[in-house]
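Presented below is the structure to which this report refers.
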Amino acid sequence: MKKNWWKFLAIILMLYVLILGFLMPLKPGIISVSPQSLNAGSQITLKVKTYNAKLEELKSADFRAWLLNDTSFAIAASKIAVLNAQTIDIDFEIPTYLTSDDKIVDYSLVIDAPKIGSFVLPASIIIKQDSINVSKGKDLWSKGNFKHLNHYEGFAIPFRNILYETLRNTYFHVSLWFSMFILYLVSVIYSIKFLRNKNQDFDTIGSSLVEVGTLFGVLGLITGSIWAKNTWGTYWTTDVKLNMAAVSMMIYAAYLILRSSIQDEDRKAIISSAYNIFAFFIIIPLIFVIPRLTDSLHPGNGGNPGFGGEDLDNTLRLVFYPAIIAFTLMGFWMSNLIIRYKKIKQKLSES
Amino acid sequence: MNQINNVWHLIVKDFNIEIRQRYILASILLYVISTVFIISKILQTVSPMLWNAIFWILFIFTAVNAMMKSFNQEISSRELYYYYLASPVEIIIAKFIYNFISLIIMGLLIFGSFIIFINNPIDHFAIFIVGIILGALGVSVVFTLVSAIASKGGNSATLMSVLSIPLILPIILFNLRITAMGLNILGSTTFVNDILMLLAIIIILVGVSLILFPQIWRT
């Protein structure tokens, strides 16, 4: 009981991740706006499709909305009407002049209401102007009174365009890759230990960790593939990060083939440990170096190949970090079971 | 001094075996030329990008074929004899150097037959040759250890290709970039950077193989 505290921790953290990960709501957001291109000096009604904005609980009078391209230049909506649970109609009177000397300027739409806070669809609306007068435009656009914004009440994960609810996959897809790498790292340490003092137990531990790590890697590929289908529209692309991940899975699949092809136990242990160490040093450039050299669709360009610093929100971290720990502990637990199975099998074959 | 001497003798021995068994050399030559001939017949016109890709594919497969025998030809009694004569580190260094030299020759052979039978899209000849030399270096480092592993693993022909092709990928990707610069498909601004990165990976792999090979050799 005392020895197995970490298994209980794994179960508790896993339940925490599953419950909080799936139940924590998304913050409100704007899915689409139509029309998207307007003319300066016209009066227009924007049809706005929102997500999670709790429109049935709030009245039309609660809402405020702005069009802005900088927090200092904004115009307020003249009339707002809630149509149904998802859509709002927002009326704007677009001034004759814009704040820039370009013919076409893009503006963001911001909606604000008590309880649900403010939310924005950046650079969503394009306004065309025929005549240019920047100073008059700045004057006209500064009447928006863009202040006293509300905040969201309660816990919610951020609303991201295109991703929407699939953002929750961060807890599974990314954590699986993290814990896979931790498992591989520990297995390399055990392989080195084995080569140093030839204790067969160390090889059993190392190979079991690789087996579970490869399972996690394959699950990481599958979750990523499903995520890609929902956001990029395809299960697989020729993206460098996807391909390098697939190749590293092939390398470890070759490890499993190598193990099953050698009959002699001692020789199998030595050769597969050597291969495991060698493979790990090739995985490092595959996953951490090459993706940084080329462009990629996958998040995290220029920095960490997994994701960028801005992609994680504090509410996401609240579940994401425990998820890494939970998956890693689960991995160790699974490999523990494999180790025991292998030891029993060995004892049976000896007797 | 004695170690360098041992390494030298091992290399000379490998070349002597190679020259005595002339059919191996001839078969690789025929393999390269006939494959290039088939490629040139199938693809009437070859763009530089395709040229580069086919060049490295043929390079890898020729290397797999050639390296397969690098430990296989060592019959067990002869192996025991080496075990007394030289340390495993000397043996693997000798194999590295021997494989490196033979891969450079092989690379130049493929290169030459590509120019003769397909076409010559090379813009910067020096960069391309650097790419071949570095490719030979990287492939020889990875394939030497893998062929040692595969030869100890028994069923070595399939095992060799299954183990080596995924492992060679990071090195080949760098080489593809370098030779693409030679073909002027890619700008050569990151040339030095890529070479340093590739050399760093190769140095790490050499270090790892020098530590691991004695363990494999003793089984």
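Lettering follows sequence order; numbering is per chain, from 1.
Using a 4.5 Å cut-off between heavy atoms, A/K198 touches chain B through its side chain atoms alone. Heavy atoms of A/I290 lying under 4.5 Å from chain B belong exclusively to its side chain. Contacts of B/I204 with chain A are made by side-chain atoms alone, with heavy-atom separations under 4.5 Å and no backbone atom involved. For B/L205, the parts lying near chain A are the backbone and the side chain together; criterion is any non-hydrogen pair under 4.5 Å. Heavy atoms closer than 4.5 Å to chain A are found in both the backbone and the side chain of B/L163.
Contact tally against chain B (heavy-atom pairs below 4.5 Å) for A/A279, A/S272, A/A254, A/S273: the top residue is A/A254. Residue with the most contacts toward chain A among B/V146, B/T190, B/V142: B/V142 (heavy-atom pairs, distance under 4.5 Å).
Neither side chain, B/W51 nor B/N120, offers a donor N or O lying under 3.5 Å from an acceptor on the other.
Residues meeting the side chain to side chain donor-acceptor pair (under 3.5 Å) test with A/Y171, sequence neighbours left out: none.
Ring geometry, A/Y190 versus A/F202: the interplanar angle falls from 30° to 60°, so the pair is classed tilted.
None of A/R267, A/R259, A/K343 except one satisfies the salt bridge (charged side-chain N to carboxylate O under 4.0 Å, His left out) rule with A/D203; the exception is A/R259.
Electrostatic pairing of B/D14 and B/K95 counts as a salt bridge here, judged by a charged N lying under 4.0 Å from a carboxylate O. With respect to A/E350 and A/K345, no salt bridge is recorded, no charged nitrogen being found less than 4.0 Å from a carboxylate O.
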